[in-house]
2 protein chains.
Amino acid sequence: MDSVAVENYLKSIWELGPDDVATQDLAQLLNVAPASATKMVQRLTERGLVKHIPYKGASLTSEGRRRALSVVRRHRLLETFLAQTLDLGREQLHDEAERLEHALSTELETAIANYLGNPERDPHGHPIPGPNGELLIDEDILLSDCSLNQSLVVTQVPDRDPNLLTWLEGNGIFPGTKLKIISRDDFGGGINVSLDDSSVQIAISVASEVYVILETD
Amino acid sequence: MDSVAVENYLKSIWELGPDDVATQDLAQLLNVAPASATKMVQRLTERGLVKHIPYKGASLTSEGRRRALSVVRRHRLLETFLAQTLDLGREQLHDEAERLEHALSTELETAIANYLGNPERDPHGHPIPGPNGELLIDEDILLSDCSLNQSLVVTQVPDRDPNLLTWLEGNGIFPGTKLKIISRDDFGGGINVSLDDSSVQIAISVASEVYVILETD
DNA sequence: TATAAAGTTTAGCCTTGGCTAAAAATATAA
DNA sequence: TTATATTTTTAGCCAAGGCTAAACTTTATA
């Protein structure tokens with residue numbers, strides 16, 4: 001079994017990947033000193049889970065990726081399970097799952113997945129990898145990449161930052177929300193979208209973390 | 001926050017206590033070498049969580065006890081929660097809770113307790129300590145201490161050993177079971193109890209882990 | 001293109017929580 | 001009561017995963 005630290009490194013490299021993950025970014029995401037990240041990356045390379053080109057960056061081997069996706073699967077199943085049974089605020093889900101994901105046995109993972117009917121997405125819309133790390137190719141596109149006036153449906157919102165999540169939710173933006181881009185204000189730094197009965201300005205940095213699909217009626 | 005190891009030591013000392021917990025017993029329960037247990041007991045003594053009289057034994061300080069009971073609370077809430085939502089075998093519950101208990105935030109602990117309606121016992125009948133470590137004085141008595149022919153109701157069964165639990169369950173013995181001791185065979189090593197429509201012989205070692213109350217109609 | 005800045009790695013240290021082997025204390029039996 | 005067995009502790013070791021300070025690469029700038 002991988003330690004909590006190893007699981008967190010693998011998951012973080014996956015999140016920052018797929019290629020040339022910078023030591024600094026990794027260290028920052030994990031809240032450790034850059035030197036600590038270098039050392040761990042080297043250890044993971046020894047173990048065959050990571051490929052590291054010094055001064056260039058790190059990436060996962062296929063075994064490393066499998067294990068990273070196993071952590072992601074547990075995380076997203078837990079978020080879904082907690083959201084369904086208890087009702088915690090969406091913002092709390094991430095942090096709780098973050099700790100519990102390392103303590104979930106394969107049996108409990110399976111029991112939860114079955115209980116939930118083997119869902120394909122978590123409450124934030126993120127796809128849940130299969131038991132062997134299969135990640136459905138998803139056809140979601142970035143809101144920031146869409147053209148004006150297309151009818152869109154939100155599929156994924158970022159869950160890293162609770163405040164952002166609260167803001168999005170407060171403005172009616174969550175998986176399932178229908179919207180259209182009505183204008184882009186590249187110099188003003190955002191895009192304007194219209195919802196059913198309101199409109200919001202969204203920073204590009206945020207829009208590039210929100211995924212949508214074209215509405216099909 | 002206490003580490004996983006510290007939480008496990010505190011919980012184990014509580015389970016083996018209240019007084020003069022032997023290094024060897026502690027080491028055995030935790031699956032570590034006796035020398036490791038000695039060292040940790042000393043560290044916990046430094047931290048004011050344990051009182052240690054060398055060559056005599058260890059016991060918890062009141063702060064140590066508070067923290068141990070917090071772990072026990074999380075464990076038992078988790079068992080109850082998992083039993084209620086998923087349906088895992090009673091034997092699986094213990095092992096899962098054993099790992100998850102260390103990853104439960106106070107907020108999630110509270111959310112689970114509320115969801116369950118702040119239960120007083122877990123599925124094995126063990127009392128659940130309150131949020132500040134209050135443990136209701138319970139009036140349960142040991143099956144092994146009861147007299148013949150009293151009408152008894154099982155309140156607690158041990159959850160340490162899955163096989164034992166399965167055996168007890170297979171013989172109809174779980175919280176709520178009504179039974180009577182019909183004979184004791186001290187030299188044969190067991191007691192004979194009669195249930196509604198069967199009778200079973202139970203080893204003294206087992207009967208001294210089963211709690212009952214006198215039936216009140 | 002030389003030099004400064006930024007990012008990365010190395011070296012060396014620390015704590016936690018394990019281990020074994022040996023020494024010391026306590027308990028048991030002759 | 002002395003000798004032996006058992007239990008506990010001490011001493012010294014190790015790996016994991018952190019840290020800081022210094023050295024080394026790479027990138028950006030003058």
Side-chain angles (χ1 to χ4, degrees), chain A residues 1-60 63-64 67-68 71 98-99 101-103, chain B residues 1-60 63-64 67-68 71 98-99 101-103:
Chain A
M1 258 305 277
D2 295 325
S3 68
V4 171
V6 165
E7 288 197 341
N8 280 331
Y9 272 94
L10 292 176
K11 189 176 64 155
S12 297
I13 294 170
W14 179 78
E15 285 170 357
L16 296 170
D19 284 310
D20 293 337
V21 172
T23 301
Q24 211 172 30
D25 297 347
L26 189 54
Q28 192 185 328
L29 188 54
L30 288 164
N31 258 301
V32 297
S36 306
T38 297
K39 205 205 264 186
M40 182 60 108
V41 162
Q42 288 166 344
R43 265 204 290 259
L44 295 175
T45 300
E46 292 296 303
R47 289 218 226 166
L49 302 176
V50 160
K51 200 173 56 182
H52 182 219
I53 302 171
Y55 294 102
K56 183 137 185 294
S59 58
L60 296 171
E63 176 60 16
R67 298 199 197 180
V71 181
E98 198 72 26
R99 265 170 288 106
E101 64 192 12
H102 308 293
Chain B
M1 258 307 275
D2 295 325
S3 69
V4 171
V6 166
E7 288 197 340
N8 281 329
Y9 273 94
L10 293 175
K11 189 176 63 155
S12 297
I13 294 170
W14 179 77
E15 285 171 355
L16 295 170
D19 285 311
D20 294 337
V21 171
T23 302
Q24 209 171 31
D25 297 347
L26 189 55
Q28 192 185 328
L29 188 55
L30 289 164
N31 258 300
V32 298
S36 305
T38 297
K39 205 205 266 185
M40 182 60 108
V41 162
Q42 289 166 343
R43 265 204 290 257
L44 294 176
T45 299
E46 292 296 303
R47 288 217 227 168
L49 302 175
V50 161
K51 201 174 55 183
H52 183 218
I53 302 171
Y55 295 102
K56 182 135 184 298
S59 58
L60 295 172
E63 175 61 15
R67 296 198 199 181
V71 182
E98 198 73 25
R99 264 170 288 107
E101 65 192 11
H102 308 293

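Letters go in sequence order (proteins before strands), and every chain restarts at 1. Because the structure is a prediction, the values reported are computed rather than measured.
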Counting heavy atoms not belonging to A/Q28, are there more than 12 under 6.0 Å from its CD? no
Nearest-Å distance, CG (A/D20) to P (D/dT25)? 19 Å
Minimum heavy-atom separation for A/M40 and A/A5, please, with both atom names. CE-CB, 3.9 Å
Looking only at heavy atoms, which two atoms of B/T23 and B/P34 are closest? And how far apart? CG2-O, 3.5 Å
Would you mind reading off the distance between A/L16 atom CG and C/dG7 atom P, rounded to a whole angstrom? 15 Å
How about A/M1 and A/H102: do any of their side-chain heavy atoms sit closer than 4.5 Å? no
Atom CG of A/N31 and atom C1' of D/dG17: how far apart are they, to the nearest Å? 15 Å
Interatomic distance, B/H102 NE2 vs C/dG17 P [rounded to whole Å]: 12 Å
Pair A/R47 + A/E63: basic N to acidic O under 4.0 Å: no
Angle of first-five versus last-five pair axes in the helix from C/dT1-D/dA30 to C/dA30-D/dT1, to 10 degrees: 10°
Nearest to the side chain of A/V32 - D/dC19, C/dG18, C/dC19? D/dC19
Looking at every heavy atom in both A/S59 and A/P18, which two are closest together, and how far apart are they? CB-O, 3.4 Å
Nearest heavy-atom pair of B/V41 and B/A58: which atoms, and what distance? CG1-CB, 4.1 Å
B/L49 atom CG is separated from C/dT16 atom P, nearest whole Å, by 13 Å
Between A/W14 and A/A68, the two heavy atoms sitting closest are CB-CB, 3.9 Å
With distance as the sole test, does B/S12 use its side chain to make a donor-acceptor pair with the main-chain N or O of B/N8 at under 3.5 Å? yes
Protein proximity profile, nucleotides 3-16 of chain D - base contact B, sugar-phosphate-only contact S, no contact -, cut-off 4.0 Å on heavy atoms: ----SBBB-----S
To the nearest Å, give me how far apart CG (A/L30) and C1' (D/dG17) are. 12 Å
Taken to the nearest whole Å, CG/B/L26 to P/C/dG17 is 14 Å
Whole-Å distance separating the CD atom of A/E46 from the C1' atom of D/dG17: 16 Å
